[in-house]
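Everything below concerns the one structure shown next.
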Amino acid sequence: REAEEKTVAIDKSQYKGVWVYVEQVDGHIRSVAHELIGEGRKLADAMGQELAGVLIGDNVENLAKDIFASGADKVYLVEGQEFKHYSTDAYTITLTDLINTYHPSVILMGATNDGRDLGPRVACRVGTGLTADCTNLGIDEATGLVAWTRPAFGGNIMATILCPEHRPQMGTVRPKVFKRPEQDFSRSGEIIRVSSKVKPEDIRTKLLEVIKVCTASCNLEEAEIIVSGGRGMCKPENFTLIEELATVLGGAVGASRAAVDAGWKPAIHQVGQTGKTVGPKIYFACGISGAIQHLAGMSSSDIVIAINKDPDAPIFKVADYGIVGDVLEVIPALIEEFKKI
Ligand code: FAD
């Protein structure tokens, strides 16, 4: 009801500009933020509006040049010690305040753990909707609104969603569905510094410790090479072959849902519709059949190399290179050859 009341009250013409929430961790901008700045640039140009990055953190002003280089015109910067690590309360209060003050028309966020936490809360507080986990963006010709596309009904249809009544139009977008733009460091822009309105009593959680479970081998979203294994690896011990090949190539380890469900790898490694969307330069699919839900997560890879003993496996339809053979013979041979390079 609160959202409906706000709808009646808002004047949509007040809402202008495309914003990208620039997620940073430990002072490093996540790749998805650059991907969204690239895509946001296209939307802003099509709408004839400005593109701004929203940067919240502790001592992060030095990141603004990176945001301009990717294509933003402005950066809204909010700094403070309370933003050193992501905190639901501090970030929600801050982004909500920025929206209520500056009235952007569109907000893009990465569908990361933080983005998935922050986006819906902020959308609710400003009385708008949110299209989660988008895999494409465009402009609806008839209305000029952002057309948010995402898989629905288990990936059987692609739903395109418009937000005609509320503002801002908000959505989270999966990492790696868009290419990272070329950066131009001769670009610059305006930094709008905004003071934090977060009071200590607003923060209802206390961060005791940060335990990093993710090593390079599970940083799938940023990896340039991914070696993934499926049920065809036959048993969990054989996953050491996947890990060894990934190590030799300096890549990350992926897994199909069948391998994750069998308990061979933790869910953090899962690639696919209900796992991660990845876009490496090279993707090895080892003992993976190529189910549509798996392809949904890796089809934007530049080069796909499939190893499968079944020559009719669907994965070969999307593979650039296919090796018909037993993973337990082919992978050791590849490891041996790559070690020589
Ligand atoms: P299988 O389909 O069993 O394929 C195993 C392959 O290994 C076969 O092609 C076989 O020929 C080959 N093989 C067997 N032994 C060998 C050997 N010794 N050498 C070489 N090849 C061998 N799946 C995902 O991966 N990610 C998701 O995010 C995901 N989300 C889903 C969401 C929904 C709503 C649903 C319904 C399903 C989802 N799935 C997902 C599951 C998906 O449909 C498949 O069941 C799954 O991807 C199959 O995994 P797989 O290819 O490892 O196993």
Side-chain angles (χ1 to χ4, degrees), residues 1-23 32-33 35-56 67 70-78 88 90-112 114-150 159-174 178 189-190 192 194 197:
R1 199 180 317 130
E2 210 176 293
E4 279 169 20
E5 280 162 11
K6 282 192 181 165
T7 305
V8 175
I10 69 162
D11 169 8
K12 285 189 276 244
S13 66
Q14 280 183 2
Y15 288 76
K16 288 210 167 53
V18 177
W19 281 13
V20 173
Y21 168 68
V22 180
E23 184 177 332
V32 65
E35 292 154 26
L36 294 183
I37 294 168
E39 207 52 29
R41 182 73 268 164
K42 292 182 203 158
L43 293 179
D45 289 345
M47 293 163 74
Q49 296 187 9
E50 277 186 332
L51 175 69
V54 176
L55 180 60
I56 305 172
I67 300 172
S70 285
D73 305 306
K74 276 182 183 171
V75 167
Y76 291 93
L77 174 70
V78 191
T88 302
Y91 278 65
T92 301
I93 289 168
T94 304
L95 187 53
T96 303
D97 176 58
L98 287 171
I99 294 169
N100 287 335
T101 308
Y102 295 98
H103 301 117
S105 176
V106 178
I107 304 182
L108 310 176
M109 308 172 77
T112 58
D114 292 358
R116 284 171 171 159
D117 181 65
L118 180 63
R121 286 169 205 277
V122 171
C124 185
R125 285 182 192 208
V126 299
T128 190
L130 176 132
T131 310
D133 261 15
C134 296
T135 53
N136 206 359
L137 299 172
I139 298 281
D140 176 57
E141 276 185 23
T143 58
L145 295 167
V146 175
W148 309 83
T149 302
R150 54 154 296 155
T160 297
I161 296 165
L162 306 181
C163 178
E165 298 302 334
H166 302 77
R167 291 293 179 276
Q169 305 168 72
M170 283 184 76
T172 57
V173 181
R174 280 186 164 219
F178 296 116
E190 184 187 1
I192 298 156
V194 182
K197 303 225 171 45

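Thr112 and Glu23 share a side-chain donor-acceptor pair at under 3.5 Å.
Under the ring pair (Phe, Tyr, Trp, His ring centres under 6.0 Å) criterion, Trp148 pairs with no residue, sequence neighbours left out. For Asp73, the side chain to side chain contact (heavy atoms under 4.5 Å, CB included) test picks out Arg41, Glu50, Leu51, Arg187, with sequence neighbours left out. Gln14 pairs by the side chain to side chain contact (heavy atoms under 4.5 Å, CB included) definition with Asp11, His103, not counting sequence neighbours. In this view, Tyr21 satisfies the ring pair (Phe, Tyr, Trp, His ring centres under 6.0 Å) rule with no residue, not counting sequence neighbours. Every residue two or more places apart in sequence or in another chain that forms a side chain to side chain contact (heavy atoms under 4.5 Å, CB included) with Thr160 is listed here: Ala147, Thr149.
Looking only at side-chain heavy atoms (C-beta outward), Ile107 and Val54 stay at 4.5 Å or farther from each other. Side chains of Tyr102 and Ile192 form a contact here, defined as non-hydrogen atoms less than 4.5 Å apart. Put simply, the side chain of Thr143 does not reach to within 4.5 Å of the side chain of Pro164, judged on heavy atoms. Between Ile99 and Pro104 there is a side-chain heavy-atom pair separated by less than 4.5 Å. Counting only heavy atoms from C-beta outward, the side chains of Met109 and Leu95 approach each other to under 4.5 Å.
Minimum heavy-atom separation, Gly53 to Ala72: N-CB, 4.2 Å. Residues Arg150 and Thr135 share a closest heavy-atom pair of CA-OG1, 4.1 Å. Pairing each heavy atom of Ile37 with each of Val22, the nearest pair is CD1-CG2, 4.4 Å. Across all their heavy atoms, Gly129 and Ala123 have their closest contact at O-CB, 4.0 Å.
Once rounded to the nearest 0.5 Å, the distance linking OG of Ser105 with CD of Gln49 reads 5.0 Å. Between the CD1 atom in Ile161 and the CG atom in Leu130 there is a gap of 9.5 Å [rounded to 0.5 Å]. Separation of atoms CH2 (Trp19) and CG (Leu98) is listed at 5.0 Å; rounding is to 0.5 Å. Between the CG atom in Leu108 and the OG1 atom in Thr172 there is a gap of 10.0 Å [rounded to 0.5 Å]. Considering CG of Leu36 and OG of Ser70, their distance stands at 10.5 Å, rounded to 0.5 Å.
Between Lys197 and the options Asp97, Thr96, Thr94, a side chain to side chain donor-acceptor pair (under 3.5 Å) holds for only Asp97. No option in Thr131, Val106, Thr128 other than Thr128 meets the side chain to side chain contact (heavy atoms under 4.5 Å, CB included) test with Met170.
Listed by first and then second residue, the salt bridge (charged side-chain N to carboxylate O under 4.0 Å, His left out) pairs involving residues 126-139 are Arg116-Asp133, Asp133-Arg174 (not counting sequence neighbours).
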